[in-house]
Amino acid sequence: MAVIRSVTSMQRLARKLAGQGKKIGLVPTMGFLHEGHLSLIKRARKKTDIVITSIFVNPTQFAPGEDLEQYPRDERGDIRKIKRAGGEIIFIPRAEDIYPEGFQTYVTVEQLTLTLEGKMRPTHFRGVTTIVAKLFNICRPDVAVFGMKDYQQAIVLKRMTHDLGYPITFIIAPTVREPDGLAMSSRNKYFTPEQRPEALCLYYALTSARSMVQAGEYTAAIIRKEMRAVIKATCPTAIIDYIAFTDFETLQPVQHVTAGTICSLAIKVHGVRLIDNMKLL
Ligand code: AMP
């Protein structure tokens, strides 16, 4: 297993592997890895000969006042976990190599980034698409795997991959949850044991939405009202950023749930902003 920190070494190795006919998988992460990340590595490993896992807490996707400085890090633990998951290469670039002095070139995806997370965090996706485009250029993957947990991010990056013509198979892998349903997230670490049960309000709201749909209720406004009630009952101090019902591909809002409708939500629980989503039908 190799840990590579230099952009030029990574580029050289990727080119060499491609020259040897090896199929390369890429799993971009911000580190502090959990089973959700490892599921992506295992998925990539099944489809390719060599998996590159990148660890980079990307400053351009954080707005001032967000948790860039506090974002949890555990490089040694991450390396151990990646090795166990079967990942062969770990790419941990330095910020000054990714964003050299005078950097001013960004990749942006237009309409898809104007809603949901993009509306709440206007500079976020520009940072995400730029770093992933750079990682694609450096690592030259044949396959890239992203999580459904960050559903809008996956759809935006899929669009970028297609629009820029990257010859990459784009895979969106399912969300891995804790046994009680909480979506795994590096940010779950911010909760004290007393706060942690209240973080489940997102999962309770989503499962209640799914149950309503299964019982024949398809009106988004009615389902949203019930979800708000569930959140209030299970985490009275929660601050709801949004509860959205959208088409899976276009991210356009829908009034009525149909096959392919995704319900996504963003909620601040004890100051920690969590996102989650579920396919309703
Ligand atoms: P992050 O380190 O949070 O930037 O996430 C890196 C990748 O892991 C992204 O593609 C995420 O969507 C994915 N991911 C994060 N949490 C989960 C999870 N619970 N299950 C599956 N994939 C996840």
Side-chain angles (χ1 to χ4, degrees), residues 25-47 51-63 66-68 70-75 77-79 81-82 85 87 90-93 95 98 116-118 121 124-136 139 141 143-161 168-191 196 199-200 202-203 206 248 251 262 264-266 272-279:
L26 175 67
V27 177
T29 81
M30 296 204 299
F32 206 72
L33 303 183
H34 49 65
E35 285 300 325
H37 296 113
L38 303 183
S39 74
L40 309 188
I41 297 170
K42 288 174 195 160
R43 182 79 180 261
R45 193 63 191 78
K46 276 198 194 134
K47 304 262 170 200
V51 174
I52 303 172
T53 306
S54 63
I55 299 177
F56 184 62
V57 182
N58 176 36
T60 61
Q61 70 189 68
F62 290 79
E66 291 186 350
D67 58 344
L68 173 63
Q70 303 98 287
Y71 198 83
R73 292 158 211 252
D74 176 20
E75 199 180 291
D78 288 346
I79 292 172
K81 289 174 192 165
I82 293 168
I90 306 177
F91 179 42
I92 312 180
I98 294 291
L116 306 172
E117 286 301 285
R121 308 174 69 193
H124 172 68
F125 283 117
R126 182 180 88 144
V128 170
T129 41
T130 300
I131 183 61
V132 172
K134 292 206 68 163
L135 290 170
F136 282 180
C139 302
V143 173
V145 186
F146 296 87
M148 180 67 186
K149 160 75 171 43
D150 299 276
Y151 144 68
Q152 186 180 15
Q153 167 175 287
I155 298 296
V156 166
L157 289 171
K158 191 173 163 197
R159 184 78 246 167
M160 178 195 82
T161 303
I168 296 172
T169 303
F170 194 97
I171 295 176
I172 304 176
T175 300
V176 177
R177 297 178 181 279
E178 300 286 356
D180 61 6
L182 180 67
M184 290 191 181
S185 164
S186 308
R187 290 189 169 100
N188 293 346
K189 173 189 168 16
Y190 294 142
F191 295 114
R196 163 72 177 68
L200 274 169
L202 288 87
Y203 182 68
L206 288 168
F248 179 74
L251 305 184
I262 303 284
S264 52
L265 73 182
V272 181
R273 191 169 182 283
L274 298 177
I275 59 171
D276 200 352
N277 65 76
M278 206 171 266
K279 198 164 177 220

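None of the values given here were measured: they were computed from a predicted structure. We count ligands from 1, going down the list as the structure has it; atoms in each ligand are counted the same way.
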Novice: Is His34 near ligand 1, meaning one of its heavy atoms is under 4.0 Å from it?
Specialist: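 Yes, His34 has a heavy atom closer than 4.0 Å to ligand 1.
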Novice: Just go through Ser54, Ala144, Gly36 and tell me whose heavy atom is the nearest to atom 22 (N) of ligand 1.
Specialist: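 Of the listed residues, Gly36 has the closest heavy atom.
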Novice: With sequence neighbours excluded, tell me which residues meet side chain to side chain donor-acceptor pair (under 3.5 Å) with Asp276.
Specialist: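 In terms of side chain to side chain donor-acceptor pair (under 3.5 Å), with neighbours along the sequence ignored, Asp276 is linked to Arg177.
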Novice: Closest non-hydrogen protein atom to atom 13 (C) of ligand 1, residue and atom name please, with distance?
Specialist: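 Scanning the protein heavy atoms, the shortest distance from atom 13 (C) of ligand 1 goes to Leu40 CD1, 3.6 Å.
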Novice: Please write down residue, atom name and distance for the protein heavy atom closest to atom 12 (O) of ligand 1.
Specialist: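 Looking only at protein heavy atoms, the one closest to atom 12 (O) of ligand 1 is Asp150 OD2, 2.7 Å.
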Novice: Below 6.0 angstrom between ring centroids: does that apply to Phe56 and Phe91?
Specialist: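 Centroid distance Phe56-Phe91: not below 6.0 Å, so no.
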Novice: Would you check, one step at a time, whether the test salt bridge (charged side-chain N to carboxylate O under 4.0 Å, His left out) holds for Lys189 with Asp74?
Specialist: CA-CA 12 Å; Lys189 173 189 168 16; Asp74 176 20; over 6 Å; no
Novice: By number and element, which atoms of ligand 1 are closer than 4.0 Å to a non-hydrogen atom of Met184?
Specialist: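 The atoms of ligand 1 under 4.0 Å from a heavy atom of Met184 are 16 (N), 17 (C), 18 (C), 19 (N).
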Novice: Is Gly147 close to ligand 1, meaning an N/O of one under 3.5 Å from an N/O of the other?
Specialist: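 Among all N and O atoms of Gly147, at least one is under 3.5 Å from an N or O of ligand 1.
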Novice: Is the backbone of Leu33 close enough, under 3.5 Å, to the side chain of Lys81 for a donor and an acceptor to pair up by distance?
Specialist: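 Looks like yes, one N/O pair under 3.5 Å.
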Novice: Which option wins on minimum heavy-atom distance to atom 5 (O) of ligand 1: Met30, His37, Glu35?
Specialist: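 Closest candidate by heavy-atom distance is His37.
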Novice: Could you list the atoms of ligand 1 found under 4.0 angstrom from a heavy atom of Phe146?
Specialist: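 Going through ligand 1 atom by atom, the ones under 4.0 Å from Phe146 are 10 (O).
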Novice: Suppose we measure from atom 20 (N) of ligand 1 to each protein heavy atom; which comes out shortest, and what is that distance?
Specialist: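 Sorting protein heavy atoms by distance from atom 20 (N) of ligand 1 puts Val176 N, 2.8 Å first.
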Novice: Quick check against the 3.5 Å criterion: does Asn277 have a side-chain atom that pairs as donor or acceptor with the backbone of Met148?
Specialist: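 Looks like yes, one N/O pair under 3.5 Å.
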Novice: Which protein heavy atom lies closest to atom 23 (C) of ligand 1, and at what distance to 0.1 Å?
Specialist: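 Ranked first by proximity to atom 23 (C) of ligand 1 is Lys149 CB, 4.0 Å.
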Novice: I'd like to know if the side chain of Thr175 and the backbone of Lys149 have a donor-acceptor N/O pair within less than 3.5 Å.
Specialist: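 Yes, because the side chain of Thr175 sits within donor-acceptor range (under 3.5 Å) of the backbone of Lys149.
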Novice: On a heavy-atom basis, which atom in His37 and which in Phe32 lie closest, and how many Å separate them?
Specialist: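 Looking at all heavy atoms of both residues, the shortest contact is CE1-O, 3.9 Å.
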Novice: Taking the minimum heavy-atom distance to atom 21 (C) of ligand 1, which of Ala173, Pro174, Ala154 ranks first?
Specialist: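 Comparing heavy atoms across Ala173, Pro174, Ala154, the nearest one to atom 21 (C) of ligand 1 lies in Pro174.
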Novice: By number and element, which atoms of ligand 1 are closer than 4.0 Å to a non-hydrogen atom of Thr175?
Specialist: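 Once the distances to Thr175 are compared, the set is 19 (N), 20 (N), 21 (C).
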Novice: Take Met30 and Phe62 through the test side-chain contact (heavy atoms from CB on, under 4.5 Å) and record every step on the way to the result.
Specialist: CA-CA 12 Å; Met30 296 204 299; Phe62 290 79; 3.9 Å; yes
Novice: Polar-atom distance check: Ala183 versus ligand 1, any N or O pair below 3.5 Å?
Specialist: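 Between Ala183 and ligand 1 (N or O atoms, distance only) the closest approach is not under 3.5 Å.
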Novice: Determine whether a donor-acceptor pair (N or O, by modelled atom type, separation under 3.5 Å) exists between the side chain of Ser39 and the backbone of Gly36.
Specialist: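 Pair found, side chain donor or acceptor close to backbone of Gly36.
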Novice: Students should be able to answer this: which protein heavy-atom is nearest to atom 6 (C) of ligand 1, and at what distance?
Specialist: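 Answer, as residue, atom name and distance: Pro28 O, 3.3 Å.
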